[in-house]
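Heads up, the thing below is written out as structure tokens.
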Amino acid sequence: MPALEALNSALRDQPAWQAEYTQTYVAAGMRTGDEVSGVVFLAYPDRALFRTVAPPGQMMGLEGRLVRLVDLEVPSCDDHHLDVDEWARVPLAAVLDPQSAVDRFTILDHGDRGFSLVPREPGGVDRVDVILGNGDLPDEVVVVDPQGATNRLRFTVWRPADGPPGGSWLPEPPPGLECVGDDGAGF
């Protein structure tokens, strides 16, 4: 719990944070996977924006309980409102709210500077490992799903930010394209 509390405190220390990241997704049963790199902006309590640089054009934004996925190559824009159960299973929610993490996850030490979150009830993740770097912000986050797929995010130097470029946590859809919501309606 001390590492989780240190991370929570560090996130609250600035209005927003920015870092470069590399994400490697390895499907269950495979040895290698897909890799993307980009920049992330993060702000307490519930805002995040991931933008890929290589390959360019993929974005995922979170503001409150709304998640928006934009892919400029396809092009597509999808909005999803997280319900209470989905939000409770989002690793970011547990990281930002330690008491919520205690209620929904078993928290285990993971090395000297890390912790693991293991859900108390089956759901979208099997385990989340977080390794903290200098300044108590993540160097690495590994999310393992129930089927065994691994999503590894490695972060470089975190620095304070005012927020994402343009001020919006939700990426803009390509010109002329409306975002499709959970019910199929445009937003």
Side-chain angles (χ1 to χ4, degrees), residues 1-21 23 38-52 58-70 77-110 113-121 123-125 127-143 145 151-172 179 181-182 187:
M1 189 73 173
L4 178 58
E5 289 173 345
L7 171 57
N8 183 265
S9 177
L11 288 171
R12 292 174 185 233
D13 193 40
Q14 295 291 328
W17 292 95
Q18 174 183 349
E20 285 75 37
Y21 73 92
Q23 177 181 11
V39 63
V40 60
F41 296 87
L42 185 66
Y44 177 85
D46 55 8
R47 294 175 301 231
L49 177 61
F50 287 81
R51 303 178 79 118
T52 62
Q58 297 174 344
M59 295 166 272
M60 190 278 304
L62 169 71
E63 187 163 21
R65 300 264 175 104
L66 179 61
V67 175
R68 176 171 290 163
L69 303 170
V70 173
C77 181
D78 298 296
D79 283 340
H80 177 69
H81 288 274
L82 299 168
D83 65 28
V84 173
D85 290 334
E86 289 172 319
W87 177 249
R89 291 191 310 262
V90 172
L92 179 60
V95 166
L96 293 172
D97 182 359
Q99 185 56 51
S100 174
V102 169
D103 293 344
R104 294 181 170 86
F105 294 88
T106 299
I107 302 168
L108 307 169
D109 285 335
H110 187 79
R113 302 270 306 138
F115 58 91
S116 294
L117 302 171
V118 179
R120 294 183 190 275
E121 296 182 22
V125 299
R127 185 181 80 251
V128 179
D129 298 326
V130 179
I131 306 297
L132 302 181
N134 295 335
D136 293 326
L137 292 166
D139 272 353
E140 183 175 73
V141 175
V142 179
V143 180
D145 76 13
N151 194 4
R152 181 179 310 271
L153 293 112
R154 291 187 179 101
F155 301 93
T156 60
V157 180
W158 288 92
R159 54 194 171 279
D162 293 327
S168 179
W169 292 95
L170 299 176
E172 289 296 317
C179 292
D182 296 334
F187 277 78

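Position 1 is the first residue of the sequence, and the numbers go up from there.
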Run the side-chain contact (heavy atoms from CB on, under 4.5 Å) check on Phe155 and Leu137 step by step: do they pass? CA-CA 9 Å; Phe155 301 93; Leu137 292 166; over 6 Å; no

Contacts of Gln14 meeting side chain to side chain donor-acceptor pair (under 3.5 Å) (sequence neighbours excluded), chain-then-number -> none

Show your reasoning for whether side-chain contact (heavy atoms from CB on, under 4.5 Å) applies to His110 and Ile131. CA-CA 8 Å; His110 187 79; Ile131 306 297; 3.0 Å; yes

Got a second to check how far Phe105's CZ is from Phe115's CZ, nearest 0.5 Å? 10.5 Å

Salt bridge (charged side-chain N to carboxylate O under 4.0 Å, His left out) partners for Arg152, two or more places apart: Glu140

I need the minimum non-hydrogen distance between Ala161 and Phe41, along with the two atoms involved. CB-CD2, 4.4 Å

Salt bridge (charged side-chain N to carboxylate O under 4.0 Å, His left out) pairs touching residues 41-52, sequence neighbours excluded, are none

Go through the structure and list residues passing side chain to side chain donor-acceptor pair (under 3.5 Å) with Glu63, not counting sequence neighbours. none

Sequence neighbours left out, what passes side-chain contact (heavy atoms from CB on, under 4.5 Å) with Thr106? Give chain and number order. Leu108, Val118, Arg120

Looking at every non-hydrogen atom in both residues, tell me the closest pair between Trp158 and Pro138 and how far apart they are. NE1-O, 2.7 Å

Testing the basics here: between Gly135 and Ala10, what is the closest heavy-atom pair and its distance to 0.1 Å? O-CB, 3.4 Å

Output for pair (Cys179 SG, Glu172 CD), nearest 0.5 Å, gives 8.0 Å

Closest contact, heavy atoms only, Asp139 versus Gly133: OD2-CA, 3.3 Å

side-chain contact (heavy atoms from CB on, under 4.5 Å) with Pro171: which residues, sequence neighbours excluded? Leu49, Met59, Arg68, Val70

Tell me, please, which residues at least two apart from Phe50 pass ring-ring contact (aromatic ring centres under 6.0 Å, His included). Tyr21

Those residues at least two apart in sequence (or on a different chain) that pass ring-ring contact (aromatic ring centres under 6.0 Å, His included) with Trp169 are none

Go through the structure and list residues passing side-chain contact (heavy atoms from CB on, under 4.5 Å) with Asp78, not counting sequence neighbours. Ser76, Val180

Would you mind listing every side chain to side chain donor-acceptor pair (under 3.5 Å) that reaches into residues 127-136, with sequence neighbours excluded? Arg113-Asp136, Ser116-Asp129, Arg127-Asp129

What pairs with Arg159 under side-chain contact (heavy atoms from CB on, under 4.5 Å), at least two apart in sequence or on another chain? Gln18, Glu20

Which residues pass the side chain to side chain donor-acceptor pair (under 3.5 Å) test with Tyr44, sequence neighbours left out? Arg12

Only one of Leu170, Asp79, Leu62 forms a side-chain contact (heavy atoms from CB on, under 4.5 Å) with Val67, so which one is it? Leu62

